[in-house]
2 protein chains.
Amino acid sequence: MSTLKYTVIKTTKRIRIKDIAEKANVSIGTVDRVIHNRGEVNAETKAKILKILEELDYRPNLLASTLASKKTHEFAVLLPEVSNPDAYWNKPLNGVREAAAELQQYGVSIKLHQFSQNDPASFAAKANLIMESKPEGVVLAPFFFRESNEFVEKLNAQQIPFVFIDSNISGRNKLSFIGQNSFQSGMLAAKLFDYSLPPDATILIIHFGKELDNLNHPKQRERGFYNYFETKTGEAFEKLYSFEIETANDPRFFEMIDKKIEEIGGVSGIFVTNSQVHRIAEYLVTRNIQHVRLIGHDLVRKNAEFMRAGVVDFLICQRPEEQGHQAIQTLFDHIILKKQVRTDNYTSIDIVTKENLDYYKEFNLSNYGTN
Amino acid sequence: MSTLKYTVIKTTKRIRIKDIAEKANVSIGTVDRVIHNRGEVNAETKAKILKILEELDYRPNLLASTLASKKTHEFAVLLPEVSNPDAYWNKPLNGVREAAAELQQYGVSIKLHQFSQNDPASFAAKANLIMESKPEGVVLAPFFFRESNEFVEKLNAQQIPFVFIDSNISGRNKLSFIGQNSFQSGMLAAKLFDYSLPPDATILIIHFGKELDNLNHPKQRERGFYNYFETKTGEAFEKLYSFEIETANDPRFFEMIDKKIEEIGGVSGIFVTNSQVHRIAEYLVTRNIQHVRLIGHDLVRKNAEFMRAGVVDFLICQRPEEQGHQAIQTLFDHIILKKQVRTDNYTSIDIVTKENLDYYKEFNLSNYGTN
DNA sequence: CTGAAAGCGCTTACAG
DNA sequence: CTGAAAGCGCTTACAG
């Protein structure tokens, strides 16, 4: 009752420009000039003010400063088009939207540009539009290697900071990368098979998409997958096969798979290296094939449905909303708050199953209401 | 080059009090009075202003309003003491700290009160201190059922909104609950055993702690665990046994386990229903018992270490930092922003393994630096 | 090179 | 019941 014992988290003893000015015997205008380094200040006074600033650990009041400056900060975002609300790329976009709403009151405005996933030229065209609009910062998914490099070169030339989202290109002087470590996620997929299948099981790895290079998630995931089994010691190795499918829209899609499976003498497990795993789920259901362990990526609606139905066993996910949100936040921290930011931001590698599916944000319907 | 095609996410066309005032032919003071409902306004003018407010969808500028009002908002937080930096309860606390730092500039100040996990009286004492300090909102872990109820009754009497964190008590007029759905997390643990052990395996469930009731995570997890196997059809059931250990500090701890395992004729899997799984890991290492599938909860340092060493196979986690952060944010949203908030907030149920361990925030060391 | 003044959108006494 | 004024901490021309 008497011995008050508690901790106050973060006390505020705000130092204002005015306090600095008084201590230095100058006007607040002069202090402001040195804080923002906009010259025209006597070297001596400047030094004196700088010292006081340091001593008193002055932190500007962000509220006041953004309120006073009607300045607005423009960021540009370059992402793939989304054909429907269930598409994967809608998720990072939602994260971007969230961040946009939060930072709006600080004068941040975000322009979204979208390119076609089948058309590198559209990427380049949008990149040019972005350059013309001279944004203060850029978030991009470096989807096409060549075009991304060209874009990033221009950004560097103009000293515009940029953040890679989803995929990374190294050595390009980026501000930050935010996405999944695909190699590790491949390792994890392998482990899940290893734990849930007998040692001599046959596993088929399926890639969807064309022109896969080593920058892509699929190839990195495959590398991680093989790596897990290669470094596993003591036990028999599983039998592993890889298979590439250009597009699931090919009418002969099912027959191709039939043939492949026959060729390798049946399968116990299938690993799809991207979010298209629902295509294989469809195949298994149609062909009435049961007891095949099926693992893929990303919590898009169709994958969730096949998971609920018990066809997809595990989905490995990467928090795409968080990626979008964090990319914008990183730009804000660097440009407006002048904070140090992290160069590499790997998002968590989540294992989603039927049992925890509903606890991943994406599918949480709002449940406002009474107690 | 020419057809600019982009979307601006969130445009701001700020309506100010001044705009409302002009449209209503009154002064901004009057508008302010109706906005804050502090009476003394002619009924007719009030109606008129209300209508304009609605029409123009007026949103107050949070920056300006917090800057102008030197008002400070005090929240109180009641959590268990943390004996060392690796303790579980340090994690929600870090989330609280994060939120405190972010909301500081809005005048939010947070007082932290901590009780002993072995002493219900200390909980009650701290609760009284909180009542005396008359905070605007409270976050609490309802650790002791009786004492929590008493506290919550007083809060309700004073109309102070409160948020439960970690555990929930239903029907107490809470503002919100933030934590894990333990029943589901138990189901998930069961599934992981089911996938990775043969159908007739023997599994031992171990609870640490005393006086476990149905409100606790452990019992709920156990219920979910049994439920999974009970509802599983078609295959043989695993053999399941439960075992309660009051404290791992008991010198006869290892012998107790020896005896139990002998009694049930050996085990293939052990499930520990809380973060103490490292105790069992120690046991297995000391006794040199291998090939036992070991699953537990929460990413505390010791658990992570035994996971890296390959002794713990899976950890089921609940994002404790997020819980702390969100609890404070919820109070802020309700009290300052007057937003509608969610009554139940279940955090994700994460499956952590050796392969994705490093991608869970808690153990990400900072990697500031160059590209 | 430096100071004084107006203003950002809101809140808070104060006068009438 | 209502308006006018000062002030929150900062920014931005402007005058000297």
Practice problem: Report yes or no: does A:Asp344 contribute a side-chain atom to a donor-acceptor pair with the main-chain N or O of A:Phe177 at less than 3.5 Å? | Solution: no
Practice problem: Rounded off to whole Å, could you give me the CG-to-P distance for the B:Asn25 and D:dC1 pair? | Solution: 20 Å
Quiz item: So, do B:Gln326 and B:Asn345 sit near enough that their side-chain heavy atoms are less than 4.5 Å apart?
Solution: yes
Exercise. Measure up the A:Phe151 and A:Phe123 rings against each other and bin them: parallel (under 30°), tilted (30 to 60°), perpendicular (over 60°).
Key: perpendicular
Exercise. Please state whether the phosphate of D:dC1, meaning OP1 or OP2, lies under 4.0 angstrom from any side-chain nitrogen or oxygen of B:Thr45.
Key: no
Quiz item: According to the Watson-Crick and G-U wobble definition with distances under 3.5 Å, which dot-bracket string, read 5' to 3', encodes DNA chain C, using [ ] for crossing pairs and | for pairs with another strand?
Solution: |||.||||||||.|||
Quiz item: Could you write nucleotides 7-16 of chain C as a row of B, S and -, 5' to 3', where a protein heavy atom under 4.0 Å of any base atom gives B, of only sugar-phosphate atoms gives S, and otherwise -?
Solution: BBBBBB----
Exercise. Please confirm whether the backbone N or O of B:Asp32 pairs with a side-chain atom of B:His36, one donor and one acceptor, at under 3.5 Å?
Key: yes
Quiz item: Taking atom types as modelled and ignoring hydrogens, do the side chains of B:Gln323 and B:Thr347 form a donor-acceptor contact shorter than 3.5 angstrom?
Solution: yes
Exercise. Flag the pair B:Leu331 / B:Val163 as yes when at least one side-chain heavy-atom distance between them is below 4.5 Å, and no otherwise.
Key: yes
Quiz item: Does one side chain, of A:Arg16 or A:Asn61, offer a donor that lies under 3.5 Å from an acceptor on the other?
Solution: no
Quiz item: Is there side-chain contact between A:Asn156 and A:Phe162, with at least one heavy-atom pair below 4.5 Å?
Solution: yes
